[in-house]
Amino acid sequence: VSWLEKTKETVASEAVKHVKDGFIVGLGSGSTAAYAIKELGRLICQDKIQVKGIPSSSQAKKLAVNAGIPLTTLDEHPLIDLVIDGADEVDKELNMIKGGGGALTREKIIASASKQVVIIADEKKFVEKLGSTFKVPIEVLDFAFVTVFKEIEDLGGLPVLREGNGKVGPVVTDNGNYIIDVDFGPINKIKDLNQELKLLPGVIETGLFIDLADIVYLGKRDQITKLEK
Ligand code: A5P
């Protein structure tokens with residue numbers, strides 16, 4: 001097992017320590033969040049704590065079912081106690097780019113509905129400025145994607161329609177929409193950019209997660225750094 005996989009597992013275990021008996025827990029997506037789901041399942045089975053999960057994607061749902069985590073919905077629990085999720089980039093203000101796994105919309109809804117958001121990632125995700133190493137994923141209605149493409153170019157971005165592996169053509173999200181990955185370069189005014197993008201008709205959600213994370217555990221080769229709001 002590589003140090004990277006080990007570190008993902010370590011930060012995931014650290015995050016799961018925030019889970020208390022009776023909690024409703026938002027389950028993030030991606031390879032790091034997958035370790036947290038596994039660990040939470042172990043805790044539920046071994047320590048018999050009462051926890052219910054709300055998955056942010058079909059991936060998280062499948063992993064949670066396999067791990068033995070009872071599931072619930074936002075309809076039943078519109079207020080969540082804790083979300084554990086990964087990230088694609090994190091800055092020192094704990095703002096993030098997410099959506100590498102295409103689950104950004106549900107992830108953002110769950111994070112916004114949660115009292116506490118704990119993010120887990122390896123140190124390579126930490127950047128001075130968002131947009132330096134990762135494009136901004138944007139979920140769009142397929143009907144609107146060409147128009148949105150043009151408007152994003154007018155905003156100075158370089159958009160690419162996300163295409164799948166194992167299927168020709170665009171990736172279709174769990175919500176039935178397309179994903180556009182946009183290269184804006186290092187972003188100076190993330191709040192302004194997020195607002196401009198959200199105002200484009202056809203844009204469902206952006207992968208810019210601003211003021212949502214409370215704690216970030218960054219895994220390094222031999223230690224974990226905890227960043228807090
Ligand atoms: C999923 O849509 C993303 O927001 C993930 O949180 C992100 O891609 C992190 O994934 P890894 O933990 O696999 O890097």
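Atoms within each ligand, like the ligands themselves, are counted from 1 in listed order. As the structure is a computational prediction, the values presented were derived from the model and not from experiment.
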Student: With ILVMFWY side chains joined below 4.5 Å, transitively, what does Ile84's cluster contain besides itself?
Tutor: Val11, Val16, Val19, Phe23, Val25, Leu27, Ile37, Leu40, Leu43, Ile44, Ile49, Val51, Leu63, Val65, Ile69, Leu71, Leu82, Val118, Ile120, Ile215, Tyr217, Ile224
Student: So what's ligand 1 close to, N/O to N/O, under 3.5 Å?
Tutor:
{"from": "ligand 1", "atom 1": "2 (O)", "to": "Gly101", "atom 2": "N", "distance (Å)": "3.2"}
{"from": "ligand 1", "atom 1": "2 (O)", "to": "Gly102", "atom 2": "N", "distance (Å)": "3.3"}
{"from": "ligand 1", "atom 1": "2 (O)", "to": "Ala103", "atom 2": "N", "distance (Å)": "3.0"}
{"from": "ligand 1", "atom 1": "2 (O)", "to": "Glu107", "atom 2": "OE1", "distance (Å)": "3.3"}
{"from": "ligand 1", "atom 1": "2 (O)", "to": "Glu107", "atom 2": "OE2", "distance (Å)": "3.4"}
{"from": "ligand 1", "atom 1": "4 (O)", "to": "Lys98", "atom 2": "NZ", "distance (Å)": "2.9"}
{"from": "ligand 1", "atom 1": "4 (O)", "to": "Gly99", "atom 2": "N", "distance (Å)": "2.8"}
{"from": "ligand 1", "atom 1": "4 (O)", "to": "Glu107", "atom 2": "OE1", "distance (Å)": "2.7"}
{"from": "ligand 1", "atom 1": "4 (O)", "to": "Glu107", "atom 2": "OE2", "distance (Å)": "3.3"}
{"from": "ligand 1", "atom 1": "6 (O)", "to": "Ser29", "atom 2": "O", "distance (Å)": "3.2"}
{"from": "ligand 1", "atom 1": "6 (O)", "to": "Gly86", "atom 2": "O", "distance (Å)": "3.4"}
{"from": "ligand 1", "atom 1": "6 (O)", "to": "Lys98", "atom 2": "NZ", "distance (Å)": "2.8"}
{"from": "ligand 1", "atom 1": "8 (O)", "to": "Asp88", "atom 2": "OD1", "distance (Å)": "2.7"}
{"from": "ligand 1", "atom 1": "8 (O)", "to": "Asp88", "atom 2": "OD2", "distance (Å)": "3.3"}
{"from": "ligand 1", "atom 1": "12 (O)", "to": "Thr32", "atom 2": "N", "distance (Å)": "3.0"}
{"from": "ligand 1", "atom 1": "12 (O)", "to": "Thr32", "atom 2": "OG1", "distance (Å)": "2.5"}
{"from": "ligand 1", "atom 1": "13 (O)", "to": "Ser31", "atom 2": "N", "distance (Å)": "2.8"}
{"from": "ligand 1", "atom 1": "13 (O)", "to": "Ser31", "atom 2": "OG", "distance (Å)": "2.5"}
{"from": "ligand 1", "atom 1": "14 (O)", "to": "Lys125", "atom 2": "NZ", "distance (Å)": "2.7"}

Student: Restricting to pairs with a member in residues 68-126, which pass ring-ring contact (aromatic ring centres under 6.0 Å, His included), not counting sequence neighbours?
Tutor: none
Student: Can you list every pair that meets ring-ring contact (aromatic ring centres under 6.0 Å, His included) and has a residue in residues 90-111, with sequence neighbours left out?
Tutor: none
Student: Under the criterion side-chain contact (heavy atoms from CB on, under 4.5 Å), which of Ile187, Val127, Leu208 is the partner of Glu89?
Tutor: Val127
Student: Could you check whether Glu76 and Thr73, counting side-chain N and O atoms only, form a donor-acceptor pair closer than 3.5 Å?
Tutor: yes
Student: With no hydrogens and no angle check, do the side chains of Asn194 and Thr206 hold a donor and an acceptor under 3.5 Å apart?
Tutor: yes
